[in-house]
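Here's the structure we're looking at; comments come further down.
Note that the coordinates shown come from a computational prediction; the quantities given were computed from them, not determined experimentally. Counting starts at 1 for both ligands and their atoms, in listed order. Residues: numbered from 1 along the sequence shown.
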Amino acid sequence: MLEIAENGCTWVLSGPNSSYALHLTSDDELLHLHWGPRIALADAEALAVRPLPDYWPFESPLDGREEYPVEGGPRFVRPALSVRGEERRGTEWVFEAYSAEDDELRLRFRDGGLAITLHYRVRSGTDVVERWVTLHNEGPALELLRADSAVWTLPDREGWRLSQLHGRWAAESRLARSPLAYGEKVIGSRRGHTGHQHLPWVALDTDATEERGEVYGCALGWSGSWRIAVAQLPDARVQITGGAGHDDSGLLRLAAGESFASPVFAGLWSEGGFGGASRAWHAYQRAYVIPDADRDRPVLFNSWEATEFDISEEQQGVLARRAAAIGVELFVVDDGWFGARTSDRAGLGDWTPNPDRFPGGLKPLGDYVHALGMQFGIWVEPEMVNPDSELYREHPDWVQYQPGRKRTELRNQLVLNLAREDVQEYLWEQLHGLLSSAPIDYVKWDFNRCFTDAGWPGEPYPQRLWVDHVHALYRLLDRLRAAHPGVAFESCSGGGGRIDLGVMSRTDQVWTSDNTDPLDRLAIQHGFSQIHPARAMAAWVTDSPNTQLNGRISSLRFRFVSAMAGVLGVGGDLAEWTEEELEEARGWVELYKEIRPLVQRGDLYRLRAPEGGLSAVQYVLGDETVVLAWLQAQHFGEPVPALRLRGLDPTASYECRETGEVHRGVVLLHHGLRTGLRGDLDAAVLRLRRI
Ligand code: GLA
């Protein structure tokens, strides 16, 4: 809901539980008024007339109070907008007009030939405020050094804490929480993709717990380089600035007639603690970000860990038969099916089936997989090329490079310059052709190296390729989705290197991590769940001992229950599994299908964090709830604590499907549910239904 004061200078955007308010002064300063519990327009107007502090000349009254601090004038905070013209730097804007349409508020400013529009939107039924900026240049060419999406201002409080999700390859999205100190904390990626190192999300609180207290969160929808800076200003105010690009040295050139639209930086205020904030983020993403989120994702099998590059049609057929027999619904052939791709040294770029391995193309295997009653999927990595490929031999200039400098290879591959239209067209033709050539229902889209020598010979600086690469990727995905509406896409980047609201609005799920160790996964999934829903979180059951990382031995039970917390997949070498293991797996897959609507569409409660002992999550949907619990290690024969459940009706009774016991809601909420777990690496699924 959007309310506008009669004088047209104060605006309040509200969701069911929160409001966001801003005000334009007579000097065209756009001030932040409020972000927090719901307020009325009159409250905002009362805030708007509170005088700004009267500072000495070494501080600016605007700092920490502006919605979108530009560079120039009496401001010392980090500018969100930094522009350089022939003879001018910085911005001095005048307000032109506002407009309101479908809950979106637009405020238009102008500085000479540059039109600057700030956008605000609260999606109906949510408390998420989406903010972004569009720029249109009608004057002489400008260099856009920095154009952040938004600046979020928090209220005066003492003792802010910062939560972030940090990581690296095979160890993504781990939650870290620390006190915020004076100065700035900067996270981001200068790698050309979202990166494994940080998810583009932060949360700030002063005293929240899992289920109580105020939490502010912000998440950026951008799949290229990015930056979020959290600043604790001298007078203890906090501002969070975020947008595309990592540095301030140049985003792109804006010639006359050209425009730039920043990605969305979404913000959420919640007073339901970290759990309440997560549930609100999840509901928002299921409703407005993830395509077709009301359709549950199928159980998949992926051949990567089983076979790596050593694949053939016949061997995939064997795996497919076994996968079908345990109840898998989608069979995915990973890397190695195309070009000369028998190792990571060759073939990327040549998106035609390897004739030695798939003599009749992919269609026969696709048909076979369909005949087994499963969907068929493939792996691709379209933005890359191996120098040892037909594509590179034909078009060595299609990659990102700096003339006369080394072309850095990582995993023996180079990055294609997707900003080039010919490259875009080539990829469209290849992928469109591929999806038309075989009954393909699913594409795992990978991105296995960072940008290093990002240059485009002949293009003026600052070069557009960092930004245009991401836009080209988005356009390609959009175009393929439109032409092949039945095909689902997964975003992968060496595991979780490209997970953000931008790519998630164009893909059906994400590959959470190449780390499929079921114990490490609990921490990764705990972090992931702070912002993203289980509906998008792919998780596989792989072999024991773990082949990829650590040789850890764990039961099929532990591996399945760990992976059942997201979109279940199987990635083990089924050809080596015993009849008993396959039979047990069939039971777990069947159980997963039963609880799937709760996991993928329910409300998530994190009952205990994976910190060494017992951890658990609970999903609630309507009258049903399911608890997934894991015991890492039991010490000294101590009893395993009961799990206090959440989200239940205290006056109702619930029957546990596993034990047949009937529990009072209030007892489950206040005294807890016993899990029966014991020993090391034990796990359980407990289903309860209201009776
Ligand atoms: C990346 C992915 C893996 C697998 C390999 C194939 O590392 O994360 O799952 O697809 O590429 O080369």
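Below 30°, between 30° and 60°, or above 60°: for H471 and Y474 the angle between ring planes is above 60°, a perpendicular geometry. Using cut-offs of 30° and 60° on the angle between ring planes, the pair F338 and W351 is tilted.
Residue-ligand proximity, G495 to ligand 1, at heavy-atom distances under 4.0 Å covers atoms 8 (O). Interface atoms of ligand 1 facing G494, defined by a heavy-atom separation under 4.0 Å, are 1 (C), 7 (O), 8 (O). In the vicinity of C492, heavy-atom distances shorter than 4.0 Å reach the ligand 1 atoms 2 (C), 8 (O).
One finds a salt bridge joining R506 and D478 here, because a Lys/Arg side-chain nitrogen approaches an Asp/Glu carboxylate oxygen to under 4.0 Å. In summary, R407 and D453 do not engage in a salt bridge, as defined by a charged side-chain N under 4.0 Å from a carboxylate O.
When non-hydrogen atoms are compared, ligand 1 lies under 4.0 Å from the side chain of D446 (C-beta onward) but not from its backbone. Contact annotation: for N448 versus ligand 1, heavy atoms closer than 4.0 Å belong to the side chain alone. At a heavy-atom cutoff of 4.0 Å, ligand 1 is contacted by the side chain of K444 but not by its backbone. Looking at R411 against ligand 1, only its side chain comes within 4.0 Å, counting heavy atoms.
A distance of 7.0 Å separates CZ of R297 from CG of L330, quoted to the nearest 0.5 Å.
Looking only at protein heavy atoms, the nearest one to atom 10 (O) of ligand 1 is D334 OD1, 2.7 Å. Counting only heavy atoms of the protein, atom 12 (O) of ligand 1 lies nearest to D335 OD2, 2.6 Å. Among protein heavy atoms, atom 3 (C) of ligand 1 sits closest to D514 OD1, 3.5 Å.
Outside the 6.0 Å centre-distance limit, the rings of F309 and W337 are not counted as a close aromatic pair. Taking the six-membered ring for Trp and the full ring otherwise, the centers of F331 and F301 sit less than 6.0 Å from each other.
When only interatomic distances are considered, the shortest N/O to N/O separation between S493 and ligand 1 does not fall below 3.5 Å.
The side-chain contact (heavy atoms from CB on, under 4.5 Å) test with V202 is passed by exactly one of L165, L162, I531: L162.
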